[in-house]
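To start, the structure under review is shown below, and the notes come after it.
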Protein chains: 2
Amino acid sequence: MSNSKIDDDQLTEMFKALGNTHRLMIFKRLSSCCQPGTQCDLEQAMAYSVGELGEGLDIASSTLSHHLKELHRSGLIEMERQGKRVVCWIAPETLNSLGDFFNADIKR
Amino acid sequence: MSNSKIDDDQLTEMFKALGNTHRLMIFKRLSSCCQPGTQCDLEQAMAYSVGELGEGLDIASSTLSHHLKELHRSGLIEMERQGKRVVCWIAPETLNSLGDFFNADIKR
DNA sequence: TTTACTATTCGACATGTTTCGAACTATAGA
DNA sequence: TCTATAGTTCGAAACATGTCGAATAGTAAA
């Protein structure tokens, strides 16, 4: 059921991107869209600014910037400047491709 | 629907393990259980020996051994000696956990 | 324009990873 | 026991990554 093409090189890059504690935390924060028991609009609620994503991570802002660049390079997240801030959100197609990778019973 | 517990550290290790071209190839070979259009027994058909997994990869056997160790350490694959050979297969629970990670709509 | 806020780039350093060949271990069979 | 087959461990070299602070760039508001 996978219609979005994604090659092995890109897949490797995405896994490499997620294979780091800080980047995985960032990714998880981006993929958690709302508070327990609340409804949320996918497109809106899942966007965070760079600063928000760094909260609680205890790393320098330059390091944070580097990690976000890696997540973006791999195709996992999108970024866009909005005024003073840069907001980030998960690239939805990519996420689906990854889900398919693990859920398909047969791969070649 | 995720009942198998898996913490962030282990998740990071698994992604790190898959974030390498050679290891991803090995993992894909282990997760492709049968030929096109054929039926297969999951438990049996998905086991490969170390030597078989290295075919076509064009790396030294010591390097192959290292990669398999990484995949095993991360919890992605199981290994067992059978006579002269060591056979490998994918750890099924782990695979499900990873699928859940990407398919759950809400994470925290 | 000056200031404050937000984020990125750069250079440097320490740490990890990938890879090889050589030496070693384990098993099965002659 | 000797030999062949199948994998692993070790040490070293090359390369990649994570991290920081300092300097820089973009935006908005006083």
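Per chain, numbering begins at 1; letters A, B, ... match sequence-line order.
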Ser62(A) (side chain) and dG21(D) (base): donor-acceptor pair under 3.5 Å: yes
Donor-acceptor pair, side chain of Gln10(B) and main chain of Asp7(B), under 3.5 angstrom: no
Minimum-distance nucleotide to Lys84(A) side chain [options: dA28(D), dC20(C), dT18(C)]: dA28(D)
His72(B) NE2 to dT8(D) C1', straight-line distance once rounded to whole Å: 14 Å
Residue whose closest nucleotide on DNA chain D lies nearer the 5' end, Glu70(A) versus Gln82(A): Glu70(A)
Contact under 4.0 Å: Arg23(A) side-chain N or O vs dG18(D) OP1/OP2: yes
Euclidean distance, atom CG of residue Asp58(B) to atom P of dT19(C) [Å, nearest integer]: 11 Å
d(CZ, Arg85(A); P, dA29(D)) in whole Å: 13 Å
Between P of dG26(D) and CD of Glu80(A), the distance in whole Å: 17 Å
Side-chain N or O of Thr63(B) closer than 4.0 Å to phosphate OP1/OP2 of dT19(C): no
Separation of atom CE in Met79(A) from atom P in dT6(C), rounded to whole Å: 16 Å
Arg29(A) side chain to Glu52(A) backbone, donor-acceptor under 3.5 Å: yes
Spacing of Ile26(B) atom CD1 relative to dT18(C) atom C1', expressed in whole Å: 13 Å
Sugar-phosphate only, base, or nothing, as touched by Leu68(B) at under 4.0 Å among non-hydrogen atoms: nothing
side-chain N/O Asn20(B) vs dT18(C) OP1/OP2, d < 4.0 Å: yes
Whole-Å gap separating P (dT17(D)) and NE2 (His22(A)): 17 Å
Sugar-phosphate, base or nothing in reach of His66(B), heavy atoms under 4.0 Å: base
side-chain contact (heavy atoms from CB on, under 4.5 Å) partner of Leu53(B), chosen from Ile26(B), Leu71(B), Val86(B): Ile26(B)
Arg81(B) side-chain proximity, nearest of dT19(C), dT8(D), dT27(C): dT27(C)
Closest nucleotide among dT8(D), dA28(C), dT19(D) to the His67(A) side chain: dT19(D)
Nearest-neighbour nucleotide for the Lys16(A) side chain, dT9(C), dT17(D), dG7(D) considered: dT17(D)
Leu71(B) CG to dT17(C) C1', straight-line distance once rounded to whole Å: 14 Å
Min side-chain heavy-atom separation Trp89(A)-Ile77(A) under 4.5 Å: no
Mutual orientation of the aromatic rings belonging to Phe15(B) and Phe15(A) [parallel < 30°, tilted 30-60°, perpendicular > 60°]: parallel
Touch class at under 4.0 angstrom, heavy-atom based, for Leu64(A) against every strand present: nothing
